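Below: one structure, written as structure tokens.
These numbers come from a predicted model, not from an experiment. Heads up: numbering here begins at 1 and tracks the sequence. Order of appearance sets the numbers: ligands from 1, and atoms from 1 within every ligand. Atom set for the values below is all heavy atoms of this structure, side chains included, hydrogens, waters and symmetry mates excluded.
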Amino acid sequence: MAFSLPDLPYSKDAFGETISAETFDYHHGKHHNAYVTKTNDAVEGTDLAGAKLSEVIASAKSQGNQGLFNNSAQVWNHSFYWQCLSPEPQIPQGKLAAMIEDSFGSKDEMLEKFKAEATGHFASGWAWLIKNGDNLEITSLHDADTPVVYDGMQPLLTLDVWEHAYYLDYQNARPDYVDALLDKAINWEFVAKNLDGEGVSRADQDG
Ligand code: MN3
């Protein structure tokens, strides 16, 4: 067995101009797929062959294997990101809505903070809404770095802020991409599900 490229949970043209089919062709079909291929090539014939994706990421980190860490973490990050998107606009409901109010004051304040983090993050990386104990927090991580390897960072929601995530549709206008997705393309049902602390498992896979 080896890792595989997960199918998108919607059709590539489901988001119209917000995220074009061409972006999915490249971002999912080329970039994400390349991370899968490179991870498989790196673990083949090693004692990590057959390990779960999350185990490969943690092992690469502890061994200081930056190449394997980058590729395997990007497999997980993208697998999680696709699930954070919904072609049908949603709003946070129930327990998630209450926790957002407790942690940020209001949904709008949370979205403003998330936007500031995502647009202000220098160069490539990922913006995150995470659960830390009973609090929700917003942060960002550089390059391929991932909540998978941090205690106290239970992943709820991410936006990819690498240029390849938005360049075809928004060119260099990262704020427009972040605005558009936060406004009409977030799967808040998926975000709410991750309040159980099992978010890492939702983008994990067997090797
Ligand atoms: Mn990406």
Assess, by modelled atom type and distance only, whether the side chains of His32 and Trp82 contain a donor and an acceptor separated by less than 3.5 Å. yes
Indicate if the distance from the Mn ion (ligand 1) to the nearest N, O or S atom of His78 falls below 2.8 Å. yes
Could you go step by step and tell me if Ser59 and Gln63 meet the side chain to side chain donor-acceptor pair (under 3.5 Å) rule? CA-CA 6 Å; Ser59 176; Gln63 293 170 10; 3.0 Å; yes
Under 4.5 Å between any side-chain heavy atoms of Lys115 and Asp179, yes or no? yes
Is it the case that Gln74 and Asn77 place a side-chain donor and acceptor less than 3.5 Å from each other? yes
Does any N, O or S atom of His32, backbone or side chain, fall under 2.8 Å from the Mn ion (ligand 1)? no
Nearest to the Mn ion (ligand 1) - the N/O/S atom of Asp160, by atom name: OD2
Mind reading off the angle at the Mn ion (ligand 1) between the NE2 atom of His27 and the NE2 atom of His164, rounded to 10°? 100°
